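Below is one structure, written out as structure tokens, with a few remarks after it.
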Amino acid sequence: MSIKQITSHNQFMSIMMEEGKTAFVDFVSERCSQCKAIAPTFHELASKFSSDKIEFYVIDAEKLDDVSFEVGGITSYPTFIAFKDGNKMEESTFGADRERLQTFVEKYCSP
């Protein structure tokens, strides 16, 4: 499965309403070099872990600032947030650190 682009606040809210799912959301900025550097790793993890219960998304946080505000205000990029059943589980802002992103995702993909 691939990473899905969230393009509206309504789309984000409908994703958050889905029960029994874990969603990883990458909040990015078009101008962010670290976002571009870590994107291939996020895609690899999405290919490895995506299922009917685990989904991966990306949001341009500057274009959807209402979503960024709703999750607590995104102030650095990339910011990765794990949601389970619509609840924010954890937020990480570790830049383009491949190993930390993998650990972050694996933490919520374990049975």
Side-chain angles (χ1 to χ4, degrees):
M1 296 181 129
S2 64
I3 296 171
K4 299 171 189 159
Q5 178 84 33
I6 296 176
T7 58
S8 72
H9 185 265
N10 286 341
Q11 181 188 10
F12 176 77
M13 292 309 295
S14 73
I15 291 164
M16 292 300 107
M17 299 298 286
E18 294 179 22
E19 291 187 28
K21 290 200 175 187
T22 299
F24 294 98
V25 183
D26 180 9
F27 290 82
V28 301
S29 165
E30 285 182 6
R31 301 172 286 147
C32 171
S33 60
Q34 288 193 21
C35 297
K36 293 174 180 140
I38 198 71
T41 301
F42 195 61
H43 281 272
E44 287 173 23
L45 293 167
S47 293
K48 182 176 180 180
F49 291 109
S50 288
S51 69
D52 59 335
K53 300 279 186 197
I54 300 171
E55 296 181 334
F56 291 76
Y57 299 92
V58 66
I59 293 177
D60 185 324
E62 292 178 327
K63 289 182 181 171
L64 292 178
D65 57 350
D66 54 343
V67 174
S68 299
F69 178 77
E70 182 150 340
V71 298
I74 302 298
T75 58
S76 64
Y77 307 105
T79 295
F80 297 94
I81 301 180
F83 296 91
K84 182 159 181 73
D85 298 325
N87 297 308
K88 184 175 174 181
M89 302 302 291
E90 185 176 350
E91 178 176 325
S92 285
T93 55
F94 42 72
D97 188 321
R98 180 182 172 91
E99 289 179 14
R100 288 182 67 190
L101 177 57
Q102 184 167 343
T103 300
F104 176 76
V105 169
E106 287 175 347
K107 178 179 181 178
Y108 294 99
C109 290
S110 300

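As the structure is a prediction and not an experimental result, all values here were calculated from the model.
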Report summary line: Output for pair (Thr7 OG1, Tyr57 OH), nearest 0.5 Å, gives 12.0 Å
Query raised in the report: What closest approach, in Å, do Ala96 and Ala37 show between heavy atoms, and which atom pair accounts for it?
Result: CB-CB, 4.1 Å
Query raised in the report: Below 4.5 Å, heavy atoms only, C-beta onward: do Ile6 and Ile15 meet side chain to side chain?
Result: yes
**Report entry** Hydrophobic cluster membership, Val28 vs Ile3, 4.5 Å side-chain cutoff
**Finding:** yes
Report summary line: To the nearest 0.5 Å, atom CZ of Phe27 lies from atom OG of Ser76 at 11.5 Å
**Report entry** Whether Ser92 side chain and Phe94 backbone form a donor-acceptor pair below 3.5 Å
**Finding:** no
Query raised in the report: Should the heavy atoms of other residues, nucleotides or ligands under 6.0 Å from CD of Glu99 be counted, would the total exceed 12?
Result: no
Query - Enclosure of Lys88 NZ (heavy-atom neighbours >12, cutoff 6.0 Å) - result: yes
Requested in this report: Considering non-hydrogen atoms only, spot the tightest contact between Cys35 and Ser29 and give its length.
Outcome: SG-N, 3.8 Å
Report task. Verify whether the ring centers belonging to Phe42 and Phe80 lie closer than 6.0 Å. Result -> yes
Query raised in the report: Under 4.5 Å between side-chain heavy atoms, hopping through other hydrophobics if needed: is there a path connecting Phe83 to Met13?
Result: yes
Report task. Give a yes or no answer on whether the side chain of Lys36 reaches the backbone of Glu30 with a donor-acceptor pair at less than 3.5 Å. Result -> yes
Report summary line: Rounding to 0.5 Å, atoms NE2 (His43) and OG (Ser50) come to a distance of 10.5 Å
Report task. Write down the atom of Gln5, the atom of Asp60, and the distance for their closest heavy-atom approach. Result -> NE2-N, 4.0 Å
Query - Close side-chain approach of Glu44 to Arg98, heavy-atom, < 4.5 Å - result: yes
Report task. For the residue pair Asp97 and Leu101, establish whether any side-chain heavy-atom pair is separated by less than 4.5 Å. Result -> no
Report task. Find out if a path of hydrophobic residues (ILVMFWY) with successive side-chain heavy-atom gaps under 4.5 Å connects Ile59 to Ile74. Result -> yes
Query - Side chains of Met89 and Tyr108 in contact at under 4.5 Å (non-hydrogen atoms) - result: yes
Query raised in the report: Should Ile54 and Met16 be counted in the same cluster of Ile, Leu, Val, Met, Phe, Trp and Tyr side chains packed under 4.5 Å apart?
Result: no
Query - Leu45 vs Thr41, side-chain contact (heavy atoms from CB on, under 4.5 Å): CA-CA, chis, key distance, verdict - result: CA-CA 6 Å; Leu45 293 167; Thr41 301; 4.1 Å; yes
Query raised in the report: Tell me, do Thr79 and Glu91 make a side-chain contact under 4.5 Å, heavy atoms counted?
Result: yes
Requested in this report: Looking only at non-hydrogen atoms, find the nearest pair between Ser8 and Gln11 and report the distance.
Outcome: OG-N, 3.0 Å
Report summary line: Note: Gln34 and Pro78 closest approach over all heavy atoms is CB-CD, 3.9 Å
Query raised in the report: Between Val25 and Val105, is there a shared hydrophobic cluster once you connect ILVMFWY residues whose side-chain heavy atoms come closer than 4.5 Å?
Result: no
**Report entry** Any Asp26 side-chain heavy atom under 4.5 Å of Phe56 side chain
**Finding:** no
Query raised in the report: Parallel under 30°, tilted from 30 to 60°, perpendicular over 60°: which one fits the rings of His9 and Phe12?
Result: tilted
